[in-house]
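Just so it is clear, the model here is predicted, and its values are computed rather than measured. Numbering starts at 1 and runs along the sequence shown.
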Amino acid sequence: MKVFTIRNERPGDWEAVETLTRRAFYNQYIPGCMEHYLVHIMRGHEDFIPELDFVAELDGEIIGNIMYTRAWLTDAAGNEKPVLTFGPVCVAPEHQRQGYGKALMEHSFEAARALGYDTVVIFGSPANYVARGFVCCKKHRVSVEGGKYPSAMLVKELVPGVLEGRDWTYRDSPVMAVSEEDALAYDSTLPPMEKHWQPSQEEFYIMSHSFVD
């Protein structure tokens, strides 16, 4: 029987996690990817939350990872509420669609609640996250600056009802504004992988440029 475990990431895992992230995301959203570079720089940022940085192991091999940073919601009166965002979250391609990503997310939600957080806001394909309790941001009146509701912005209340009664504007950590130039430069130092187009890139483009009225 295979042994599946979830634990906090350790410094000795960093290279394996970045390699895993690169394999999981390469060519998914763009030719190549930038997610492994985000992982590389995120750990040293003040908004990174080490307590919510988890790896999933199968028989001692790292097959998944999830990382969180701080984010914020601001209401119409200017009151700021600390929340969370995660990403990248990944599972090795050969182990996807087997429940490991679900287990990793649910484990992290429990840990987040224990730390006192009550809300998670992410950007991603709804098909991947609605089963984990995420809903369209408009249902919780959470918009980006300018009052728009991105189709890819999803919200999960870790404490039901905590967002009720107010309009909110979302702001994530500056670490999420990854420089494409820096990411490409970092990727060029790693073993080469073939960049190519695939249909998921067009799906990502459509979703990332769509809004809910």
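By the side-chain contact (heavy atoms from CB on, under 4.5 Å) test, A16 pairs with I62, sequence neighbours left out. I30 pairs by the side-chain contact (heavy atoms from CB on, under 4.5 Å) definition with M34, not counting sequence neighbours. Listed by chain and number, the residues in a side-chain contact (heavy atoms from CB on, under 4.5 Å) with R171 are W72, E80 (sequence neighbours excluded). When the side chain to side chain donor-acceptor pair (under 3.5 Å) test is applied to D59, no partner is found at least two apart in sequence or on another chain. Not counting sequence neighbours, the partners of S210 by the side-chain contact (heavy atoms from CB on, under 4.5 Å) test are S151, I206. Not a single side chain to side chain donor-acceptor pair (under 3.5 Å) links E15 to another residue, sequence neighbours left out.
Between the CZ atom of R113 and the OG atom of S108 there is a distance of 9.5 Å, given to the nearest 0.5 Å. Expressed to the nearest 0.5 Å, how far CE of M67 lies from SG of C90 amounts to 9.5 Å. Between H140 atom NE2 and L154 atom CG the span is 10.5 Å, to the nearest 0.5 Å. Rounded to the nearest 0.5 Å, atoms OG1 (T189) and OH (Y37) are 10.5 Å apart.
At distances below 3.5 Å, at least one donor-acceptor pair connects side-chain atoms of K156 with backbone N or O atoms of R132. Panel note: side chain E157, backbone G161; a donor-acceptor pair is recorded below 3.5 Å. Without hydrogens or angle criteria, R70 side chain to P82 main chain gives no donor-acceptor distance under 3.5 Å. Proximity of a side-chain donor or acceptor of D75 to a complementary backbone N or O of R166 within less than 3.5 Å is not detected. K138 places a side-chain N or O within donor-acceptor distance of the main-chain N or O of D213, the cut-off being under 3.5 Å.
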Q: Under the side chain to side chain contact (heavy atoms under 4.5 Å, CB included) rule, what do S143 and K148 come out as? Steps first, then yes or no, please.
A: CA-CA 5 Å; S143 67; K148 301 184 78 173; 5.9 Å; no

Q | Intermediate values then yes/no, side chain to side chain donor-acceptor pair (under 3.5 Å), Y68 and T85 | A | CA-CA 6 Å; Y68 281 79; T85 189; over 6 Å; no

Q. Given N65 and D53, is the side chain to side chain contact (heavy atoms under 4.5 Å, CB included) satisfied, shown in steps?
A. CA-CA 7 Å; N65 172 246; D53 176 11; 3.2 Å; yes

Q: For the pair Q28 and Q198, evaluate side chain to side chain contact (heavy atoms under 4.5 Å, CB included) and give the outcome as yes or no after the intermediate values.
A: CA-CA 7 Å; Q28 288 297 309; Q198 59 187 33; 3.1 Å; yes

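Contact check for L84 versus I49: side-chain heavy atoms found under the 4.5 Å cut-off. You'll find the side chain of V175 reaches within 4.5 Å of the side chain of I41, heavy atoms only. Counting heavy atoms from C-beta on, the side chains of C137 and P150 come closer than 4.5 Å.
Using cut-offs of 30° and 60° for the angle between ring planes, the Y100 and F4 rings count as tilted.
M105 and L58 fall within the same hydrophobic cluster, where Ile, Leu, Val, Met, Phe, Trp and Tyr residues are linked whenever their side-chain heavy atoms come under 4.5 Å apart, directly or through other members. Criterion: ILVMFWY side-chain heavy atoms under 4.5 Å apart, direct or through other members. Under it, I122 and L115 are part of a common hydrophobic cluster. Residues M42 and L190 fall within the same hydrophobic cluster, defined by Ile, Leu, Val, Met, Phe, Trp and Tyr side chains chained together at heavy-atom separations under 4.5 Å. At a threshold of 4.5 Å between side-chain heavy atoms, the hydrophobic network of Ile, Leu, Val, Met, Phe, Trp and Tyr places V39 and V55 in one connected group. Hydrophobic clustering places I63 together with L104 (ILVMFWY residues linked when any side-chain heavy atoms are closer than 4.5 Å, directly or through intermediates).
Counting all heavy atoms, side chain and backbone alike, G87 lies closest to L38 at O-CD2, 4.3 Å. Closest of all the heavy-atom pairs between S188 and A185 is OG-O, 2.6 Å. Heavy atoms only, all atoms of each residue included: A112 and L52 are closest at N-CD2, 3.7 Å. Residue G64 comes nearest to L20 through the heavy atom pair N-CD2, 3.5 Å, listed as atom of the first residue, atom of the second, then distance.
For F211, the CZ atom counts as densely surrounded, since its 6.0 Å shell holds more than 12 non-hydrogen atoms of other residues, nucleotides or ligands. The number of heavy-atom neighbours closer than 6.0 Å to CD of E106, taken from other residues, nucleotides and ligands shown, is above 12.
Among residues at least two apart or in separate chains, side chain to side chain donor-acceptor pair (under 3.5 Å) pairs with a member in residues 17-27 are E18-H40, E18-R43, E18-Y186, R22-D187, R23-E94, Y26-D187, N27-H196. Here side chain to side chain donor-acceptor pair (under 3.5 Å) pairs that include residues 116-129, with residues two or more places apart or in two chains, are K81-D118. Listed by first and then second residue, the ring pair (Phe, Tyr, Trp, His ring centres under 6.0 Å) pairs involving residues 41-64 are F54-H107 (not counting sequence neighbours).
With a 4.5 Å cut-off between side-chain heavy atoms of Ile, Leu, Val, Met, Phe, Trp and Tyr, the cluster of Y149 takes in V212. Membership of the apolar cluster around F204 extends to F25, Y29, as traced through chained side-chain contacts below 4.5 Å between ILVMFWY residues. Listed by chain and number, the hydrophobic cluster partners of M153 are L73, V83, V121, F123, V142, V144, V155, V159, V162, L163, W168, Y170, where partners are ILVMFWY side chains within reach of under 4.5 Å, directly or through others.
With no hydrogens or angles considered, no side-chain donor-acceptor pair links S179 and E181 at under 3.5 Å. For the residue pair S173/D47, the side-chain donor-acceptor check at 3.5 Å is satisfied.
Using a 4.0 Å cut-off between charged nitrogen and carboxylate oxygen, R7 and D13 count as a salt-bridge pair.
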